[in-house]
Trainee: 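Would you mind keeping the following structure in view while I ask a few things?
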Amino acid sequence: MTGLPILIAGGGIGGLATALGLARQGFSSVVLEKAAAMGEVGAGIQLGPNAFHAFDWLGVGDTARAMAIYVDRLRLMDALTAEEICHIDLGEDFRQCFGNPYAVIHRGDLHGVFLQGCRGNDSVTLRTSAEVVAYEQDSAGVTAILASGERLRGRALIGADGLWSKVRRQLVGDGAPRVSGHTTYRSVIPTEQMPEELRWNAATLWAGPKCHIVHYPLQGWKTFNLVVTYHNDAPEPVAGKPVEAEEVFRGFTHVHPMAQQIIRQGRDWKLWVLCDRDPIEQWVDGRVALLGDAAHPMMQYMAQGACMAMEDAVCLAQTLAAHQGDIEAALPAYRDARALRTARVQLQSRAIGDHVYHPAGAHAALRNAIMAAKSQAEWRSTLAWLYGGTGPFTQDTAA
């Protein structure tokens, strides 16, 4: 039975990173993706230094670096006054502190980095139109049951099947995700249509009452990623629904004209109602474990969803190797190494939405005063728990 592969439900960034990490440690895997083709929906994604730590360990660091854009700073703007509140310099001091840069990349390009790595590795088998809907297990292995009725045998099953994970539904049974009431609208605009005075080499956030705007350059400065979010108490999950520009602008009539003109450049808008879940400790059921959004879906406000999934992938591979392939010992150890760190990111992502992105009045004034007072050294100290060094991914991060 030791010759059986590890089954991975989900062929997104987390699932493919897991396959690469397992291959690096000598474990074969089968990635089971429900879609008819491997791909990623979305536009831009931000990559903290911890993402590059994972890239390097997974052997795709050079490829990822070649596709990324290295922004000079993280910039926080007041959406009512169009004045800068603060910024974090991402230059040499930042890179030396954390051992890697901060960058932005197109989500499809990042997925392609992992897909190319998996396709070039004999230890990884990729299957499409193969949705895992349930599992059975015994002392010798686990059986993944596909939507088609096909049954596949493996030594373990990793549920990397996202926010609406069918593996989690059986393992945890905690129902639908929590609807945040925040609606995000996404667009990509040609650089020449971005107002010239706002073509900053920065990941920029305009924070306003119950709303915010994020933009940064993508794909060799050919386009700008534009993401605007409005806390409109949306009642139910929605994903990728096309909407008219008038609907998008409705949530931003109260912000500064400079911020408004960015939104006016958007086209082909699509909306998502943001969802997450409360942190849990129940990631493991015998030979089955959760990973990425299936384990710890989070709000976008720390730009860490994909980064946490990649860290999970590295930690899982390292832990399996450390336990010499003993699945039933390794999976709880993996969970123990990751649960508190990801819970912290989940909860702080919510808090940042409330206290940094969307406050008004005295609440916003307090935000401005606190954040403007920090020195660059203090910002790096604040972020040290998250971006860390280049050490093992199983390190204690509670400090």
Side-chain angles (χ1 to χ4, degrees), residues 1-10 12-31 50-51 53-60 114 117-118 121 123-124 135 137 139-142 144 154-161 165 167-168 171-172 279-296 304 306-346 385-386 388-399:
M1 302 301 289
T2 57
L4 288 172
I6 294 172
L7 306 177
I8 301 168
I13 289 168
L16 296 184
T18 299
L20 276 183
L22 293 173
R24 179 183 175 90
Q25 300 288 32
F27 300 104
S28 62
S29 65
V30 178
V31 178
N50 55 321
H53 306 336
F55 292 150
D56 290 337
W57 192 89
L58 293 166
V60 296
F114 287 114
C118 287
N121 196 304
S123 295
V124 180
Y135 63 84
Q137 61 179 321
S139 60
V142 60
R155 57 194 300 194
L157 171 64
I158 307 303
D161 46 346
S165 168
V167 177
R168 180 185 178 119
L171 196 156
V172 183
I280 60 168
E281 295 178 291
Q282 186 183 351
W283 291 20
V284 175
D285 172 22
R287 292 176 171 270
V288 183
L290 303 176
L291 182 143
D293 282 352
H296 46 70
Q304 280 289 311
C307 297
M308 288 296 108
M310 290 186 284
E311 283 191 9
D312 287 350
V314 173
C315 180
L316 177 65
Q318 290 179 339
T319 307
L320 275 168
H323 286 82
Q324 298 180 322
D326 183 341
I327 298 295
E328 291 175 306
L331 295 187
Y334 150 74
R335 174 205 57 214
D336 292 347
R338 296 295 301 157
L340 292 183
R341 175 167 170 82
T342 55
R344 183 174 180 179
V345 180
Q346 283 178 283
W385 74 272
L386 180 61
T390 56
F393 289 79
T394 54
Q395 60 191 356
D396 179 9
T397 55

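Along the sequence shown, the residues carry numbers beginning at 1. Please read all numbers here as calculations on a predicted model, not as lab measurements.
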Trainee: Do side-chain atoms of Ser165 reach the backbone of Asp161 as a donor and acceptor pair under 3.5 angstrom?
Mentor: no
Trainee: Minimum heavy-atom separation for Val31 to Gly15, with atom names?
Mentor: CG2-O, 4.4 Å
Trainee: Could you pull out the closest heavy-atom pair between Ala289 and Val284, with the gap in Å?
Mentor: CB-CG2, 4.1 Å
Trainee: Yes or no on side chain to side chain contact (heavy atoms under 4.5 Å, CB included) for Trp283 and Glu281, after CA distance, side-chain angles and deciding distance?
Mentor: CA-CA 6 Å; Trp283 291 20; Glu281 295 178 291; 5.8 Å; no
Trainee: Looking at Ala17 and Ala313, what are the two nearest heavy atoms and their distance?
Mentor: C-CB, 3.6 Å
Trainee: Give a yes or no answer on whether the side chain of Arg168 reaches the backbone of Gly159 with a donor-acceptor pair at less than 3.5 Å.
Mentor: no
Trainee: Do any N or O atoms from the side chain of Asp285 and from the backbone of Val288 form a donor-acceptor pair under 3.5 angstrom?
Mentor: no
Trainee: Side chain to side chain donor-acceptor pair (under 3.5 Å): which pairs involve residues 287-296, sequence neighbours left out?
Mentor: His296-Asp312
Trainee: Quick one: CG on Asn50 to CH2 on Trp385, what's the gap to the nearest 0.5 Å?
Mentor: 9.0 Å
Trainee: Does the pair Met308 and Arg341 meet the rule for a side chain to side chain contact (heavy atoms under 4.5 Å, CB included), with working shown?
Mentor: CA-CA 9 Å; Met308 288 296 108; Arg341 175 167 170 82; 3.8 Å; yes
Trainee: How many angstroms lie between atom OG of Ser29 and atom CG of Leu22, to the nearest 0.5 angstrom?
Mentor: 5.5 Å
Trainee: Could you check Asn121 against Arg24 for side chain to side chain contact (heavy atoms under 4.5 Å, CB included), going step by step and ending with a plain yes or no?
Mentor: CA-CA 10 Å; Asn121 196 304; Arg24 179 183 175 90; over 6 Å; no
Trainee: Less than 4.5 Å apart, side chain to side chain, heavy atoms only: is that true for Phe114 and Met310?
Mentor: yes
Trainee: With no hydrogens and no angle check, is any side-chain donor or acceptor of Gln282 less than 3.5 Å from a backbone partner on Leu171?
Mentor: yes
Trainee: Okay, side chain of Arg155, backbone of Gly325: is any donor-acceptor separation there less than 3.5 Å?
Mentor: yes
Trainee: Under the salt bridge (charged side-chain N to carboxylate O under 4.0 Å, His left out) rule, what do Arg338 and Glu311 come out as? Steps first, then yes or no, please.
Mentor: CA-CA 9 Å; Arg338 296 295 301 157; Glu311 283 191 9; 2.7 Å; yes
Trainee: Identify the residue among Thr319, Leu316, Leu290 that makes a side-chain contact (heavy atoms from CB on, under 4.5 Å) with Leu331.
Mentor: Leu316
Trainee: Kindly indicate, with the supporting measurements, whether the criterion side chain to side chain contact (heavy atoms under 4.5 Å, CB included) is fulfilled by His53 and Trp57.
Mentor: CA-CA 6 Å; His53 306 336; Trp57 192 89; over 6 Å; no
Trainee: Distance check, rounded to the nearest 0.5 Å: Leu320 atom CG versus Ile6 atom CD1?
Mentor: 5.0 Å
Trainee: If you compare all heavy atoms of Val167 against all heavy atoms of Ala9, which two are closest, and at what distance to 0.1 Å?
Mentor: CG2-CB, 4.0 Å
Trainee: Specify the closest pair of heavy atoms between Leu291 and Gly14, including all atoms of both residues, with the distance to one decimal.
Mentor: CD2-O, 3.8 Å
